[in-house]
Amino acid sequence: FNKQINDFNIKSFVYNSNAHREVFSYGYWYNYYTTEYGAKSNVSYKNFLFAGLEYNETTFEQKDSYKKNRVKTAGYVQSILNIDNLTLIPAIRYELSSDYNDVFTPALSLIYKLSDELKFSGNVSKVWNAPTFSDLYDTYAGNPDLKPEEGISSDIGVEYSLNNFSVALTCFNINSKNLITWVQDP
């Protein structure tokens with residue numbers, strides 16, 4: 001669904017997917033089934049204010065063993081504020097999860113255009129990512145005690161553009177805890 005009503009642009013869609021994965025590990029075949037469905041809706045006003053809602057339900061099942069379900073609902077608001085040569089982009093997102101605490105993730109971006117050729121930028125945001133079902137329940141390497149990844153991400157940058165030439169430099173920092181990484185056994 002995509003509809004323009006005066007200064008408002010409304011986009012909505014629903015999705016559904018099914019996946020089956022077979023894994024041979026330690027002499028046994030494991031069957032994993034994943035079913036996912038959801039809906040997203042976004043509204044924008046004059047390319048100035050953006051808002052949206054999301055709903056997602058995922059089921060992860062290992063045949064003859066277990067079945068796990070996760071429901072996520074989220075809402076967000078973002079704005080683009082232009083003040084002379086400065087652009088501010090504040091954003092907030094709130095997510096409710098059936099298997100983790102609710103989380104609020106704000107973000108702020110700044111872009112300062114010194115001239116037509118030179119601009120500076122900076123971003124800071126809270127980051128949060130729940131472990132996937134594979135992270136938690138994979139037969140060989142899953143860990144059901146994993147916690148969500150959390151942290152603060154920030155960056156600053158400069159960009160110079162002239163005609164068909166452009167060069168940019170960005171420095172970033174991510175301060176995180178509970179980082180999830182997969183390590184292959186030697």
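FYI, the numbering just counts along the sequence from 1. Nothing here was measured: the structure is a model prediction, and the numbers come from that model.
For D155, the side-chain hydrogen bond (donor to acceptor under 3.5 Å, both in side chains) partners at least two apart in sequence or on another chain are N123. Residues that satisfy the salt bridge (charged side-chain N to carboxylate O under 4.0 Å, His left out) test with E95, not counting sequence neighbours, are R93. Not a single side-chain hydrogen bond (donor to acceptor under 3.5 Å, both in side chains) links D145 to another residue, sequence neighbours left out. Residues satisfying the side-chain hydrogen bond (donor to acceptor under 3.5 Å, both in side chains) criterion with T132, sequence neighbours excluded, are D135. Under the rule for a salt bridge (charged side-chain N to carboxylate O under 4.0 Å, His left out), the partners of D99 that lie at least two apart in sequence or sit in another chain are R70. Residues forming a side-chain hydrogen bond (donor to acceptor under 3.5 Å, both in side chains) with T58 (at least two apart in sequence, or on another chain): N56. Listed by chain and residue number, A39 satisfy the side-chain contact (heavy atoms from CB on, under 4.5 Å) test with V14 (two or more places apart in sequence, or in another chain).
Distance check, rounded to the nearest 0.5 Å: OG of S134 to CD1 of I180 gives 11.5 Å. Here N16 contributes atom CG and E36 contributes atom CD; the two are 9.0 Å apart, rounded to the nearest 0.5 Å. A distance of 11.5 Å separates CG in N129 from CG in N178, rounded to the nearest 0.5 Å. Within the model, atoms CG of L110 and CD1 of I156 stand 11.5 Å from one another, a figure rounded to the nearest 0.5 Å. Distance check, rounded to the nearest 0.5 Å: CG of L81 to CD1 of I89 gives 8.5 Å.
In this structure, S176 contributes its side chain and G151 its backbone to no donor-acceptor pair below 3.5 Å.
Two residues are said to be in side-chain contact when any heavy atoms from C-beta on lie closer than 4.5 Å; V77 and L49 meet this criterion. Contact check for N2 versus N9: side-chain heavy atoms found under the 4.5 Å cut-off. Within the 4.5 Å cutoff, side-chain heavy atoms of K113 are placed close to those of D116. A heavy-atom distance below 4.5 Å is found between the side chains of K126 and V103.
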For residues 161-173, tabulate all N or O donor-acceptor pairs below 3.5 Å that involve a side-chain atom, not counting sequence neighbours.
{"from": "S161", "atom 1": "OG", "to": "E159", "atom 2": "OE2", "distance (Å)": "3.3"}
{"from": "S161", "atom 1": "OG", "to": "S166", "atom 2": "OG", "distance (Å)": "3.2"}

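Open room surrounds NZ on K119; 12 or fewer heavy atoms of other groups in view lie less than 6.0 Å from it. Heavy-atom neighbours of N6 CG from other residues, nucleotides or ligands within 6.0 Å: at or below the threshold of 12. Counting non-hydrogen atoms of other residues, nucleotides and ligands closer than 6.0 Å to CG of N101 gives a total of 12 or fewer.
Applying the salt bridge (charged side-chain N to carboxylate O under 4.0 Å, His left out) definition to pairs two or more places apart or across chains, those involving residues 3-12 are D7-K46. Contacts classified as side chain to side chain donor-acceptor pair (under 3.5 Å) and involving residues 76-85 (residues at least two apart or in different chains) are given here: N42-Y76, N82-T87. Within the structure, ring pair (Phe, Tyr, Trp, His ring centres under 6.0 Å) contacts touching residues 34-57 (residues at least two apart or in different chains) are F8-Y45. Here ring pair (Phe, Tyr, Trp, His ring centres under 6.0 Å) pairs that include residues 94-135, with residues two or more places apart or in two chains, are F60-F133.
The heavy-atom pair separating P148 from P131 by the smallest distance is CA-CD, 3.8 Å. For the residue pair D102 and S97, the shortest heavy atom distance occurs at OD1-N, 3.8 Å.
Note: the hydrophobic cluster containing L108 does not contain V127 (ILVMFWY, side chain heavy atoms under 4.5 Å, direct or indirect links).
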